[in-house]
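To keep things clear, I will list the structure first and then write my remarks on it.
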Amino acid sequence: MEEIKKLAVIGNPIEHSLSPRIHSLFAKELGLKVSYEAIQIKQENFEDDLESLFDRGYFGLNVTLPLKELAFSFADKLSEESELCGSVNTLWKEDSLTCADSTDGRGLVKDLKNKNINLENQEIVILGAGGSAKAIIPSLLKAKPKRITIANRTISKAKLISEQFSSGNDQIEPIPMSHSLGFRPDLVINTTSAGVLNQGLELPTNLFFDDTHTYDLSYSIEDTPFLKLAKNLGAKLRYDGLGMLIEQAALSFEIWTKQKPQTNLNKVDIL
Ligand code: NDP
């Protein structure tokens, strides 16, 4: 009899994670026997709890806040992308080694492609300089944009990211949020957590034009606070991060099951 593949997402808090629903839809569509749970793990117990999950037969794990960097330090074998990001969101065992990948950046780029948003030779502005900004930069750079500008409330963090990722022709420009933009961005990506924290967000001026694609990594059934703000400031082409969430999940699912799920899921089936 075919064994059930045990999968889970770990994080803290974890009860609101949409991953169990998304992975169940993938498994159903492909007719695979998969269980996918949401398991709370605290930072202080990370290593013991993780080993215990693998010992109990979990085959693959997604990792979310605040454990992505810890999982990076714990892994024995890192993908090239996760080495660049310094964090991971996907773990699995191979010959008793803990392997890790970061699928967030590739998930975002896939979703942008699904939306026919070109990245090559484009002006990209990233708002925020936290974990998710670092996770998406390597994939964005691979798509050969003209320039990435990174605006953050704490400018020192934007400068650090710029130093970490700038090399050769790939130069990342750090700017404060109070900046007035001197060019026309093709794509603005919000990676700040201001919306989920229910806080106001100061933005650089001259950020949105009629043809600026505006992408929020956060998602909700209605417009996110950032997308509402962007709409009021003139952004016409607006998208939330649900597509990225689904695409990064599909990449993890494929790593574990070697099968590619359909990603054109309905928003109402997930949120
Ligand atoms: P971090 O905590 O690592 O970073 C948060 C960033 O937001 C920092 O740059 C911080 O600035 C900035 N910020 C927070 N509050 C404000 C504010 N009031 N005004 C201006 N800037 C602010 O979070 P992550 O990068 O890990 O996650 C950010 C968001 O991305 C989350 O909402 C998460 O849900 C979403 N996300 C979505 C994914 C998807 O698949 N769609 C995947 C991953 C994340 P400062 O440095 O000054 O503190």
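Just follow the structure's listing: the first ligand is 1, and inside any ligand the first atom is 1.
Heavy-atom contacts of Tyr219 reach the following atoms of ligand 1: 41 (N) (cutoff under 4.0 Å). Set against the non-hydrogen atoms of Lys157, the atoms of ligand 1 under 4.0 Å away are 45 (P), 46 (O), 48 (O). With ligand atoms numbered from 1 in the order given, ligand 1 contributes 26 (O) to contacts under 4.0 Å with heavy atoms of Leu65. Residue Ala129 approaches ligand 1 through these ligand atoms, each under 4.0 Å from one of its heavy atoms: 9 (O). Each of the atoms 19 (N), 20 (C), 21 (N) of ligand 1 lies under 4.0 Å from some heavy atom of Leu201. Listed by number with element, the atoms of ligand 1 under 4.0 angstrom from any heavy atom of Val196 are 32 (O). Near Gly128, with a cut-off below 4.0 Å to any heavy atom, the atoms of ligand 1 are 9 (O). Residue contact check: Ser218 has heavy atoms under 4.0 Å from atoms 32 (O) of ligand 1.
At the top of the distance list for atom 3 (O) of ligand 1, counting protein heavy atoms only, stands Gly131 N, 2.9 Å. Counting only heavy atoms of the protein, atom 16 (C) of ligand 1 lies nearest to Arg153 NH1, 3.3 Å. Looking only at protein heavy atoms, the nearest one to atom 37 (C) of ligand 1 is Leu217 O, 3.2 Å. Of all protein heavy atoms, the one closest to atom 11 (O) of ligand 1 is Asn152 OD1, 3.4 Å. Annotation: atom 45 (P) of ligand 1 to nearest protein heavy atom, Thr154 OG1, 3.4 Å. Ranking the protein heavy atoms by distance from atom 25 (O) of ligand 1 puts Ser132 OG, 2.6 Å first. Given atom 4 (O) of ligand 1, the protein heavy atom at minimum distance is Gly130 CA, 3.4 Å.
Classification of Lys77 and Asp95 as a salt-bridged pair fails, no side-chain N sitting under 4.0 Å from a carboxylate O. Ion pair Asp49/Lys42 not flagged as a salt bridge, since none of the NZ, NE, NH1 or NH2 atoms sits closer than 4.0 Å to an Asp/Glu carboxylate oxygen. A salt bridge does not link Lys144 with Glu120: every distance from a Lys NZ or Arg NE/NH1/NH2 to an Asp or Glu carboxylate oxygen is 4.0 Å or more. Looking at Asp186 and Lys146, no side-chain N of the basic residue comes within less than 4.0 Å of a carboxylate O on the acidic one, giving no salt bridge.
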Starting from the C-alpha separation in whole Å, work towards a yes-or-no answer on side-chain contact (heavy atoms from CB on, under 4.5 Å) for Phe253 and Leu30. CA-CA 11 Å; Phe253 193 89; Leu30 290 165; 3.6 Å; yes
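A single hydrophobic cluster is not seen to contain both Leu97 and Trp256; linkage of ILVMFWY side chains at heavy-atom distances under 4.5 Å, directly or through other members, places them apart. Taken together through direct or relayed side-chain contacts under 4.5 Å among Ile, Leu, Val, Met, Phe, Trp and Tyr, Leu227 and Ile124 form parts of separate hydrophobic clusters. Transitive grouping of hydrophobic side chains (ILVMFWY, heavy atoms separated by less than 4.5 Å) brings Ile172 and Leu140 into a common cluster. Residues Ile155 and Leu127 do not share a hydrophobic cluster, defined by chaining ILVMFWY side chains whose heavy atoms lie under 4.5 Å apart. In the hydrophobic cluster analysis, where Ile, Leu, Val, Met, Phe, Trp and Tyr join through side-chain heavy atoms closer than 4.5 angstrom, Ile221 is grouped together with Ile22.
The option with the heavy atom closest to atom 18 (N) of ligand 1, from among Met177, Lys68, Gln199, is Gln199. Taking all heavy atoms of Gly243, Ser193, Pro66 into account, the minimum distance to atom 2 (O) of ligand 1 is reached by Ser193. The option with the heavy atom closest to atom 12 (C) of ligand 1, from among Thr192, Asp216, Ile161, is Thr192.
Counting heavy atoms closer than 4.0 Å to ligand 1, residue Leu245 contributes atoms from both its backbone and its side chain. Only backbone heavy atoms of Thr191 (N, CA, C or O) come within less than 4.0 Å of ligand 1; its side chain stays farther off.
Between Gln122 and Leu187 the shortest side-chain heavy-atom distance does not fall below 4.5 Å.
Residue Glu202 has no N or O atom closer than 3.5 Å to an N or O atom of ligand 1. Considering backbone and side-chain atoms alike, Gly241 places an N or O below 3.5 Å from some N or O of ligand 1. Residue Met244 places no N or O, backbone or side chain, under 3.5 Å from any N or O of ligand 1.
The line from NZ of Lys134 to SG of Cys85 is 10.0 Å long, rounded to the nearest 0.5 Å. Rounding to the nearest 0.5 Å places NZ of Lys142 at 5.5 Å from CD of Glu80.
Side-chain contact check for Ser252 and Asn62: at least one donor-acceptor pair (N or O, by modelled atom type) lies under 3.5 Å. No side-chain donor from either of Asp111 and Tyr239 sits under 3.5 Å from a side-chain acceptor of the other.
For atom 22 (C) of ligand 1, a protein heavy-atom neighbour is found at a distance under 4.0 Å.
Note on ligand 1: Gly200 sits in its first shell, one or more heavy atoms being nearer than 4.0 Å.
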